[in-house]
Chemist: 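Next up is a structure, given as structure tokens.
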Amino acid sequence: MTATTTRTTIERTEHPHVIKGGGLGGQPRIDDQRISVLQLFDMYTNGWPIEEIQANLPTLSLAEIHDAISYGYDHVDEMDYWRERRKLRNILQRTDMVYVEGRLIPRRALKEIDIPPGAKVYTWETLPEEMNQ
């Protein structure tokens, strides 16, 4: 038996520490890391000081953090796109999943017997807006 590996093309960006492809579903990320630009950009725009970001993510250099934040400001529409994709409603719709008491279950695998009595069950169509963060 032979193992097959699929390689994704990595795209360099105009920012030296930011790449696309090769993981995280195509999101821009720090080169040689699995940390998305969106995560760093949102931390910073939500009031985290640079020093606190680095303290919480010690594998990152200050240059990488600043470059990611700069990329986020240069590509605000792209950040909005990735932010929207990770909302629960969009995940449920894209993957055809059902949200049952904090668990995601493929719709095709869901049986009524699997649902505990009184459990809250949501599809992308029925998910309350306050849960779609």
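Note that these values count all heavy atoms, side chains included, but never hydrogens, waters or copies made by symmetry. Throughout, residue positions are numbered sequentially from 1 according to the sequence presented. Keep in mind the model is a prediction, meaning the values are calculated, not measured.
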Chemist: With clusters defined by side-chain heavy atoms of hydrophobic residues (ILVMFWY) lying less than 4.5 Å apart, directly or transitively, does Ile105 cluster with Leu127?
Modeler: no

Chemist: Leu57, Ile50: one ILVMFWY side-chain cluster at the under-4.5 Å cut-off?
Modeler: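 Yes; tracing contacts between hydrophobic side chains, which count when under 4.5 Å, links both residues.
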
Chemist: I'd like to know whether CZ of Arg94 has more than 12 heavy-atom contacts from other residues, nucleotides or ligands below 6.0 angstrom.
Modeler: yes

Chemist: Hey, is the main chain of Ser61 close enough, under 3.5 Å, to the side chain of Gln54 for a donor-acceptor pair?
Modeler: no

Chemist: Which heavy-atom pair separates Ala55 from Pro58 by the least distance, and what is that distance?
Modeler: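 Heavy atoms only, the tightest pair is O-CD, 3.8 Å.
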
Chemist: Look up atom OG1 in Thr13 and atom CG in Asp74, then write down how far apart they are to the nearest 0.5 Å.
Modeler: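 Spacing of OG1 (Thr13) from CG (Asp74) equals 9.5 Å.
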
Chemist: Are Val98 and Leu88 connected, step by step, through hydrophobic side chains (Ile, Leu, Val, Met, Phe, Trp, Tyr) whose heavy atoms are closer than 4.5 Å?
Modeler: no

Chemist: Between His15, Glu14, Glu78, which is the residue that forms a side-chain hydrogen bond (donor to acceptor under 3.5 Å, both in side chains) with Tyr71?
Modeler: Glu78

Chemist: Using modelled atom types only, decide if a donor and an acceptor are shared between the side chain of Thr45 and the backbone of Phe41 within a distance under 3.5 Å.
Modeler: yes

Chemist: Mind checking the OH-OG1 spacing from Tyr99 to Thr123? Nearest 0.5 Å is all I need.
Modeler: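 Answer rounded to 0.5 Å: 13.5 Å.
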
Chemist: Would you find more than 12 non-hydrogen atoms of other residues, nucleotides or ligands less than 6.0 Å from Asn90 atom CG?
Modeler: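 Yes, CG of Asn90 has more than 12 neighbouring heavy atoms, counting only those of other groups under 6.0 Å.
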
Chemist: Answer yes when Arg89 and Glu125 have at least one side-chain N-carboxylate O distance shorter than 4.0 Å, and no when they do not.
Modeler: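 No, Arg89 and Glu125 are not salt-bridged.
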
Chemist: Kindly compute the distance separating CD (Gln33) from OG1 (Thr59), expressed to the nearest 0.5 Å.
Modeler: 3.5 Å

Chemist: Please name the pair of heavy atoms, one in Met79 and one in Pro28, separated by the smallest distance, quoted to 0.1 Å.
Modeler: CE-CG, 3.9 Å

Chemist: Taking all heavy atoms of Val100 and all of Pro116, pick out the closest pair and write down the distance.
Modeler: CG1-CD, 4.5 Å

Chemist: Closest heavy-atom contact between Trp124 and Leu92?
Modeler: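 Closest heavy-atom pair between Trp124 and Leu92: CB-CB, 3.8 Å.
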
Chemist: What's the shortest heavy-atom distance between Met97 and Pro106, and which atoms?
Modeler: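 For Met97 and Pro106, the tightest heavy-atom pair comes out as SD-N, 3.3 Å.
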
Chemist: Please round to the nearest 0.5 Å and tell me the distance separating atom CH2 of Trp82 and atom NE2 of His75.
Modeler: 13.5 Å

Chemist: Do any N or O atoms from the side chain of Asn56 and from the backbone of Glu52 form a donor-acceptor pair under 3.5 angstrom?
Modeler: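 Answer holds: yes.
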
Chemist: Rounded to the nearest 0.5 Å, how far does CD1 of Ile115 lie from CG of Leu110?
Modeler: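 So the gap between those two atoms works out to 4.5 Å.
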
Chemist: What are the two closest non-hydrogen atoms of Ile30 and Ala68, and how far apart are they?
Modeler: CD1-CB, 3.7 Å

Chemist: Where the side chain of Thr126 meets the backbone of Tyr122, is there a donor-acceptor pair that is under 3.5 Å apart?
Modeler: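 Here the side-chain-to-backbone pair does not exist.
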
Chemist: Can you tell me if Asp96 uses its side chain to pair, donor with acceptor, with the backbone of Arg107 under 3.5 Å?
Modeler: no

Chemist: When you compare the side chain of Asp31 with that of Val18, does any pair of heavy atoms fall below 4.5 Å?
Modeler: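 They are not in side-chain contact.
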
Chemist: I need the Ser36 OG to Gln27 CD distance, nearest 0.5 Å.
Modeler: 4.5 Å

Chemist: Indicate, with yes or no, if Ile19 and Ile65 share a hydrophobic cluster defined by side-chain heavy-atom contacts under 4.5 Å among Ile, Leu, Val, Met, Phe, Trp and Tyr.
Modeler: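 Not linked; separate clusters.
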
Chemist: Check this for me, if you would: do Arg83 and Asp42 make a salt bridge, where the nitrogen-to-carboxylate-oxygen distance has to be below 4.0 angstrom?
Modeler: yes

Chemist: Are Leu104 and Val121 linked, directly or through other ILVMFWY residues, by side chains that come within less than 4.5 angstrom of each other?
Modeler: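 Different hydrophobic clusters.
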
